[in-house]
Amino acid sequence: MKEFIEGSHAIAEIVKLCRPGVISAYPITPQTHIVEDLAQIVADGKLKAEFVNVESEHSAASVVLGASATGVRSYTATSSQGLFLMAEVVFNIAGMRLPVVMTCANRAISAPINIWNDQQDSISLRDAGWIQFYAEDVQEAVDFHVLAYRIAEDAGMMLPVMVCMDGFILTHGIETVDIPDQATVDKFLPSYKALYKLDVDNPMTLGPLVDPDSYLETRYALHKTHEKALEFIPKVFADFGKAFGRNYNGLVEGYQLEDAERVIVAMGSVCGTIKDTIDQLRSKGKKVGLLKITTFRPFPAQAVCEALKNAKKVAIVDKSVSLGSFAPIAAEVKAAFCGKKKAPKVISSFVLGLGGRDITRESIKEIFRLLTAKELNGDFIDLKPELLKESYEQ
Amino acid sequence: MSNSLLACGHTACAGCGQALAARMVIDTAGKNTMVVNNTGCLEVFSTKFPESAWEIPWMHSLFENCAAVASGVEAGLKYLGKKDNINVIAQAGDGGTADIGLQALSGMLERGHDILYVCYDNEAYMNTGVQRSGLTPFDTNTTTSPIGAGSTGNIRPKKPMPEIAVAHGIPYVATASASLPQDIQRKVKKALSIKGPKYMQIHVPCPLGWRHESSMTLEVGKLAVETGLYPLIEYENGVLAQVRKIQPKPVEEYLKVQGRFKHLLNNPEEIRKIQAIADNNIAKYGLKA
């Protein structure tokens with residue numbers, strides 16, 4: 001049913017429809033509306049679940065880890081510092097192959113403290129072993145949660161999934177969203193049957209000490225499963241299309257890409273602004289396009305190379321930085337083309353929108369303007385020179 | 001021993017008080033028990049892949065979060081409608097309890113989960129090589145509270161964990177000693193008969209860290225109780241319900257059998273300070289028979 005609804009409320013609704021048995025969370029802006037709504041949903045008896053209010057995000061992640069180990073579908077949500085406080089548990093959940101699903105309402109990282117959106121938080125945990133989806137709009141964020149559980153709990157995967165949605169822009173924005181009905185979700189997402197779990201009738205040791213004789217193999221297995229996920233994800237997205245009538249590629253999505261000479265590569269809500277800008281520029285005859293990355297982990301290198309093989313100039317847009325190195329998405333895309341015969345002549349990298357700095361169509365046009373034969377590496381867009389004079393340049 | 005739910009063949013040091021106490025706790029709890037363990041000696045010596053000494057469902061995640069993971073296990077079992085028939089035990093060493101794990105433990109106690117939390121207190125970080133913890137006693141020589149020209153060892157007394165647990169308003173708090181196995185059994189039975197969060201702290205001698213003979217484990221543990229340095233107490237619903245009465249022995253008898261206190265033996269002033277700690281315990285809890 002189509003509803004005009006705040007992003008967070010829509011996420012709470014879809015999580016309810018996924019029927020988790022344990023939900024645990026700690027409040028942090030801009031994730032709070034999601035878990036407040038879920039608390040109310042459980043309080044109203046609309047979802048049979050244990051809602052565990054914890055004393056920190058570290059414990060929120062630990063609670064869903066423990067609950068998942070009993071074979072119960074589990075959910076949590078966080079942002080920014082909260083994700084960082086969870087960090088070691090986040091790695092642990094993946095290492096223990098527990099199919100937890102978590103929403104990350106993307107937000108900047110301190111210091112200086114800033115509650116607004118960029119993607120530094122989830123990007124910084126890209127190597128934790130979780131599948132990471134980035135949503136362009138609320139509809140995608142909603143749909144990705146159903147997909148996330150279906151993929152996470154598949155016996156061939158057993159990988160946790162993080163659904164990343166830009167804080168405020170998507171969590172607090174109000175959009176028209178199609179919230180599916182329970183029967184359709186139930187049909188697509190059967191109840192969770194754990195491959196292994198804590199069970200007094202079949203005792204098992206989970207999370208043992210592993211020495212150099214075996215540790216390497218555990219990481220190899222995790223890595224190989226991620227490679228397998230690159231083939232599995234598009235299949236599940238295709239099934240989703242058949243069941244729900246909304247079709248996503250799952251890994252990457254092209255917009256006006258076929259004949260595009262200048263292409264932006266981006267993730268998340270900025271893709272909406274980029275698409276609008278492309279429409280404007282196309283009406284003036286400019287051959288510009290977008291490659292949106294939906295799945296950042298595992299990184300769909302082959303799909304990216306295939307999609308960009310005819311592009312002459314590529315601009316990669318990052319809403320996070322890897323201080324002292326290439327911006328994260330830029331580094332991945334450049335690495336993907338390493339050794340390839342057919343590669344764009346220019347791959348430039350731009351950083352923008354950090355800490356909630358507004359990304360306008362002018363910002364995007366500026367990137368297309370700067371995308372010339374000269375390759376740029378991590379140029380910051382929309383900087384205020386007057387502020388730099390006061391601080392850095394002094 | 002072969003019938004124990006913590007099977008023999010694990011790699012604990014000879015004379016390990018923690019191995020003795022853990023076996024007692026688990027065997028008393030029985031088969032319908034799930035254990036969540038912090039990182040520490042117990043996890044390391046009992047689960048080295050591909051072997052495991054645990055005959056019951058057992059899980060380890062991290063150093064500081066067993067109280068929170070156990071909260072999740074309990075919530076999962078509640079959701080499945082299985083909680084009434086299954087004991088959930090969270091267990092950790094003193095560092096994982098009183099230091100890095102205190103916040104998660106406090107959260108677990110405050111939220112009222114039906115979990116028995118057991119702290120195996122060997123009074124330092126033994127797994128990493130005898131560094132001081134919040135439960136290391138006053139004047140103990142450890143690798144991070146070493147003795148020297150300007151130091152007689154650890155500068156602070158033990159953190160009052162039982163009182164901290166009691167302050168959470170939980171139904172049952174007890175201390176015990178690996179040297180008194182029947183007392184452990186009784187207290188575990190009692191704890192598991194009560195719904196809600198329970199805290200139990202068991203004194204577990206560590207021959208490696210305390211530097212006593214492996215054969216002396218039970219003896220050393222008993223001396224800690226008999227000198228008043230490790231009072232065995234039970235709180236029910238915030239009230240001191242029972243204490244183990246003693247005929248107090250001088251603390252020197254306990255100190256002299258351990259290398260970690262060897263530096264004190266010619267230092268009557270420091271021994272007086274430790275005697276004062278014992279005397280205070282004796283008076284505070286009414287330990288004297």
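Numbers restart at 1 for each chain; the letters A, B, ... are given by sequence-line order, proteins then strands. Fair warning: this is a prediction, and the values are worked out from it, not measured in the lab.
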Practice problem: Give the member of B:Lys78, B:Arg111, B:Lys82 that has the highest number of heavy-atom pairs under 4.5 Å with chain A. | Solution: B:Arg111
Quiz item: Out of A:Ser62, A:Gly71, A:Ala61, which one racks up the most heavy-atom pairs below 4.5 Å with chain B?
Solution: A:Ser62
Practice problem: Using atom types as modelled and distance alone, determine if a side-chain donor or acceptor of B:Asn38 lies under 3.5 Å from a backbone N or O of B:Gly96. | Solution: yes
Self-check item: Residue A:Ala60 versus chain B: region with a heavy atom under 4.5 Å
Solution: neither
Quiz prompt | Max heavy-atom pair count under 4.5 Å with chain A, selected residue of B:Leu62, B:Asn65, B:Asn85 | solution = B:Leu62
Exercise. With the side chain counted from C-beta on, respond yes when B:Glu163 and B:Tyr235 share a heavy-atom pair under 4.5 Å apart, and no when they do not.
Key: yes
Quiz prompt | Proximity breakdown for A:Val22 and chain B, heavy-atom pairs closer than 4.5 Å | solution = side chain
Quiz item: What orientation do A:Phe144 and A:Phe133 show, parallel under 30°, tilted 30 to 60°, or perpendicular over 60°?
Solution: tilted
Quiz item: Hey, which of B:Ser61, B:Ala67, B:Ala53 has the most heavy atom pairs under 4.5 Å with chain A?
Solution: B:Ser61
Quiz item: Pick from B:Glu64, B:Lys31, B:Glu74: which one has the most heavy-atom pairs with chain A under 4.5 Å?
Solution: B:Glu64
Exercise. Heavy-atom pairs under 4.5 Å with chain A are the metric here; pick the option from B:Tyr79, B:Phe49, B:Trp54 that has the most.
Key: B:Tyr79
Quiz item: Any side-chain heavy-atom pair from A:Val200 and B:Pro57 closer than 4.5 angstrom?
Solution: yes
Quiz prompt | Aromatic contact, B:Trp58 with B:His10 (centres under 6.0 Å) | solution = no
Quiz item: Looking at A:Asn202, A:Val89, A:Asp199, A:Asn53, which makes the most heavy-atom pairs under 4.5 Å with chain B?
Solution: A:Asp199
Quiz item: Is A:Arg150 close enough and on-axis enough to A:Phe188, meaning under 6.0 Å and within 45°, for cation-pi?
Solution: yes
Quiz item: Is there a side-chain contact between B:Ile184 and B:Ile202 (heavy atoms, below 4.5 Å)?
Solution: yes
Quiz item: Under a 4.5 Å heavy-atom cut-off, does chain A meet the side chain of B:Thr33, its backbone, both or neither?
Solution: backbone
Quiz item: Which word best sums up how the rings of B:Tyr117 and B:Tyr199 line up, parallel for under 30°, tilted for 30 to 60°, or perpendicular for over 60°?
Solution: parallel
Self-check item: Region of A:Thr205 that comes under 4.5 Å of a non-hydrogen atom in chain B
Solution: both
Practice problem: Flag the one option from B:Met34, B:Met59, B:Glu43 with the top tally of heavy-atom pairs under 4.5 Å to chain A. | Solution: B:Met59
Exercise. Say whether B:Thr47 and B:His60, considering side chains only, have a donor N or O and an acceptor N or O under 3.5 Å apart.
Key: no
Quiz item: Under a 4.5 Å cut-off applied to non-hydrogen side-chain atoms, are A:Val72 and B:Leu80 in contact?
Solution: yes
Quiz item: Which region of A:Met96, side chain (C-beta onward) or backbone (N, CA, C, O), has a non-hydrogen atom less than 4.5 Å from a non-hydrogen atom of chain B, or is it both or neither?
Solution: side chain
Exercise. State plainly whether the residues A:Glu153 and A:Lys193 are in salt-bridge range, i.e. N to O under 4.0 Å.
Key: no
Practice problem: Look at A:Gly95, A:Ser59, A:Gly21, A:Ser68 and state which one has the largest set of heavy-atom pairs under 4.5 Å with chain B. | Solution: A:Gly21
Self-check item: Under-4.0 Å salt bridge between B:Glu236 and B:Lys190
Solution: yes
Practice problem: Pick whichever of A:Asp201, A:Ile93, A:Val63 has the most heavy-atom pairs under 4.5 Å with chain B. | Solution: A:Val63
Self-check item: Which portion of B:Val36 sits near chain A, non-hydrogen atoms under 4.5 angstrom
Solution: neither
Practice problem: Counting only heavy atoms closer than 4.5 Å, note whether B:Ile86 contacts chain A via side chain, backbone, both or neither. | Solution: side chain
Self-check item: Pair A:Asp127 + A:Arg297: basic N to acidic O under 4.0 Å
Solution: yes
Self-check item: B:Lys195 with B:Asp84: basic N within carboxylate O range, under 4.0 Å
Solution: yes
Quiz item: Where along residues 100-110 of chain B does a heavy atom come under 4.5 Å of chain A, listed by residue number?
Solution: B:Gln103, B:Ala104, B:Gly107
